[in-house]
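Computed from a prediction, not measured in an experiment: that's the story for all the values here.
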Amino acid sequence: LAGLDRMRSELGAYGQGEQGSVRVLASPSALAEHLPDDVAAFVDRHPRIRISLDERTSPDILRGVREGTADLGVLWDLIADLSGLQVHPYRSDRLVVVMASGHPLARRPKLRFAQTLDQPAINVSPGGQMDQLLRRQAALLGRLPAHRMQVSSLDAACRLVGAGLGLAIL
């Protein structure tokens, strides 16, 4: 019934001049970065195509694309099982270490991940993809991250770093 309702809605919009629709599921990190601007540019070039954009976690995005409730998914692919899906690179991110200017490692022009592991750290979004990635990389070095605190947002992590409570990898 939901599919029938969606079809009715799309046919009604088509009758009013719309040329099509695209259902997109995107991760919070994609929505916090370039995706909104890229979608806006697409809409400017193709005003008769309706975009449905919803925020989801990577597992929900993959499920939506596989089950056909989404036409397109935008997610971080480092820990996702993408088998059976057509995959295209979208953007790349660069990880950085953020620390207070007085931190013992602050004057170094470059750092290796291993050099950060003995330092008190602020963990952003515990259990999230970045956390899983960093834990996996630390395990490959036979180590564990030294998380002093855990927060759910980049803003909170930056405020704690600015207060000198540790470093964060963002």
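- Put simply, CD1 on Ile169 and CG on Asn123 are 10.0 Å apart, with the number rounded to the nearest 0.5 Å.
- When all heavy atoms of Tyr90 and His34 are compared, the pair lying nearest together is OH-C, 3.5 Å.
- Between the Thr69 side chain and the Gly64 main chain, a donor and an acceptor come within less than 3.5 Å of each other.
- Dense packing is recorded around CZ of Arg91, with more than 12 heavy atoms of other residues, nucleotides or ligands lying under 6.0 Å away.
- Taking CG from Asp131 and CD from Gln150, the interatomic distance works out to 7.0 Å, rounded to the nearest 0.5 Å.
- Here the OG-CG distance, from Ser29 to Leu35, works out to 10.0 Å after rounding to the nearest 0.5 Å.
- Arg23 and Asp54 are not joined by a salt bridge, as no carboxylate oxygen comes within less than 4.0 angstrom of a charged side-chain nitrogen.
- Tracing side-chain contacts under 4.5 Å through hydrophobic residues (I, L, V, M, F, W, Y), one reaches Phe42 starting from Leu31; they form part of the same cluster.
- Here the side chains of Val124 and Leu154 are in contact, with some heavy-atom distance below 4.5 Å.
- Gln132 contributes a side-chain N or O that, together with a main-chain N or O of Gly127, makes up a donor-acceptor pair within less than 3.5 Å.
- Defined by atom type and a distance below 3.5 Å, a donor-acceptor pair is present between the side-chain atoms of Asp81 and Ser83.
- Contact between Leu82 and Arg66 at its shortest, heavy atoms only, is C-NH2, 3.8 Å.
- Cluster annotation: Leu167 is connected to Leu95 through the hydrophobic network of ILVMFWY side chains, with a link wherever side-chain heavy atoms come within less than 4.5 Å.
- Cluster membership check: Val65 does not share its hydrophobic cluster with Leu53, using side-chain heavy-atom separations under 4.5 Å among Ile, Leu, Val, Met, Phe, Trp and Tyr.
- Contact between Trp76 and Leu133 at its shortest, heavy atoms only, is CH2-CD2, 3.4 Å.
- For the atom pair CG (Leu62) and CZ (Arg56), the distance works out to 13.0 Å, reported to the nearest 0.5 Å.
- Placement of Met149 and Met99 in two distinct hydrophobic clusters is found when ILVMFWY residues are connected by side-chain heavy-atom separations under 4.5 Å, directly or transitively.
- In this structure, Asp60 and Leu25 approach most closely via the heavy-atom pair O-CD1, 4.0 Å.
- A single hydrophobic cluster is not seen to contain both Val22 and Val87; linkage of ILVMFWY side chains at heavy-atom distances under 4.5 Å, directly or through other members, places them apart.
- Between Arg143 atom CZ and Leu117 atom CG the span is 5.0 Å, to the nearest 0.5 Å.
- Remark: Lys110 NZ to Gln115 CD distance equals 11.5 Å, nearest 0.5 Å.
- Taking each heavy atom of Ser27 and Ile61 in turn, the nearest pair found is N-CD1, 3.3 Å.
- Taking each heavy atom of Ala100 and Ala106 in turn, the nearest pair found is O-CB, 3.6 Å.
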